[in-house]
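Reminder, nothing fancy here: chain letters follow the sequence lines and each chain counts from 1. No experiment lies behind these values; they were computed from the predicted model shown. Note: hydrogens, waters and symmetry copies are ignored here, and every other heavy atom, side chains too, is used.
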Protein chains: 2
Amino acid sequence: MRKSKQRDAILDYVKCSTEHPTADMVYEAVKLSIPNISLGTVYRNLAQLVDEGFITVVETSDKKVHYEGNLTEHIHLLCKSCCNITDVFMKTDVPDVFSSTGFKIESQKTVYYGICKECRNT
Amino acid sequence: MRKSKQRDAILDYVKCSTEHPTADMVYEAVKLSIPNISLGTVYRNLAQLVDEGFITVVETSDKKVHYEGNLTEHIHLLCKSCCNITDVFMKTDVPDVFSSTGFKIESQKTVYYGICKECRNT
DNA sequence: TCGTAAGTAGTAATAATTACTGTTATCAAT
DNA sequence: ATTGATAACAGTAATTATTACTACTTACGA
């Protein structure tokens, strides 16, 4: 993988963001420093960065893909009301499904749905 | 919510299917008994059934929404190789995030990624 | 410095989902 | 049972996130 300032800027933004941005959000953000960057470039590089393991994706109920730069193990709290995703850095223990199913677990994603503090208080 | 044979057929199919069908798969299946059903009808009813809590959705890495009729608590095993989703009916204990974040958990979804038995053996 | 191939901008195409429109079916009240 | 309101429908058009394509540009090893 060669170096490109576009990919550097994209990785940088996703790594620093805590809001699990979509491709479009990354595009808007990176455009501030590279005004003529192409949306296609953003999509291509995000996919590449996921492939190479630099970032991961978060599947949510909206039909856009969200990206995440923090690879430390954590869970997601998804508020049904405001749709915000909150990170909680904690480990969850992986069950033994191998002995019964033969499935070899490599990674996991846990999402809890509910109402966040702010939305409960209003 | 009024009764309609289209919605009955859709709910019936999703409830009985174990393959986490997409809207299009539901459409194709229901078309066998109601040949002139509209794809829009399938989408509308699936959304309605989710809203009413009769079925749920499974977010996967492909960009289609998958539906699920089995509401018993279980986890999903997603094979990176064949993309199959396997259900494992087991409880996972919910961590206490309320005391630190004020987030009230209502439901959860846990997905494990890896390689299934069949794909490992080939 | 030069050749090659990875990367890019800009635009066109794709595919899942949603919106719209005129018609039909459900069902509560007469 | 008939009727009237409106939820639901089929069929189709529109939208939107994402992917593919093309001609040009840049990174980098020889």
Query raised in the report: After noting the C-alpha distance and the side-chain angles of V65(B) and K63(A), does the key distance pass the side-chain contact (heavy atoms from CB on, under 4.5 Å) rule?
Result: CA-CA 8 Å; V65(B) 176; K63(A) 55 184 175 177; 5.8 Å; no

Report task. Classify every nucleotide of nucleotides 18-23 of chain C by which part a protein heavy atom approaches to under 4.0 Å, writing B for the base, S for the sugar-phosphate alone and - for neither, in 5'-to-3' order. Result -> B-----

Report task. Please state whether the rings of H74(B) and F89(B) are parallel, tilted or perpendicular, taking 30° and 60° as the class boundaries. Result -> tilted

Report summary line: Separation of dG7(C) atom C1' from I10(A) atom CD1, nearest Å, is 11 Å

Report task. Could you tell me the separation between the CG atom of D24(B) and the C1' atom of dT14(C), rounded to a whole number of Å? Result -> 14 Å

Query raised in the report: Please walk me through it: do T92(A) and T92(B) pass side-chain contact (heavy atoms from CB on, under 4.5 Å)?
Result: CA-CA 9 Å; T92(A) 55; T92(B) 56; over 6 Å; no

Query raised in the report: Within this structure, what is the NZ-to-P distance between K31(B) and dA10(D), rounded to whole angstrom?
Result: 12 Å

Requested in this report: Report the distance from atom CG of L46(A) to atom C1' of dT18(D), rounded to the nearest whole Å.
Outcome: 12 Å

Query raised in the report: Separation of N45(A) atom CG from dG7(C) atom C1', in whole Å?
Result: 8 Å

**Report entry** Name of the residue among H20(B), H66(B), E68(B), K109(B) meeting side-chain contact (heavy atoms from CB on, under 4.5 Å) with V57(B)
**Finding:** K109(B)

**Report entry** Contact state string [nucleotides 24-30 of chain D, B base, S sugar-phosphate only, - no protein heavy atom under 4.0 Å]
**Finding:** --BBS--

Query raised in the report: What is the distance from CG of N36(B) to P of dA10(D), rounded to the nearest Å?
Result: 6 Å

Query raised in the report: Can you list the residues that meet the side chain to side chain contact (heavy atoms under 4.5 Å, CB included) rule with R44(A), with sequence neighbours excluded?
Result: T41(A)

Report summary line: In this structure, CG of L78(B) is separated from CD of Q108(A) (nearest 0.5 Å) by 13.5 Å

**Report entry** Whole-Å distance separating the CD atom of E52(A) from the P atom of dG7(C)
**Finding:** 9 Å

**Report entry** Rounded distance in Å - CG (D8(B)) to P (dA7(D))
**Finding:** 18 Å

Query raised in the report: Just checking, is any N or O donor in the side chain of T72(A) or N70(A) under 3.5 Å from an acceptor N or O on the other one?
Result: yes

Query - DNA chain D: 5'-proximal contact among A23(A) and Q48(B) (nearest heavy atom) - result: Q48(B)

Query - Selection from dG10(C), dT8(C), dA10(D) that lies nearest to any side-chain heavy atom of S38(B) - result: dA10(D)

Query raised in the report: Do V97(B) and Y112(A) pass the side-chain contact (heavy atoms from CB on, under 4.5 Å) test, and can you show the C-alpha distance, the side-chain angles, and the key distance before you say yes or no?
Result: CA-CA 10 Å; V97(B) 295; Y112(A) 293 97; 5.8 Å; no

Report task. Report yes if some heavy atom in the side chain of K3(A) is under 4.5 Å from a heavy atom in the side chain of D8(A); otherwise report no. Result -> yes

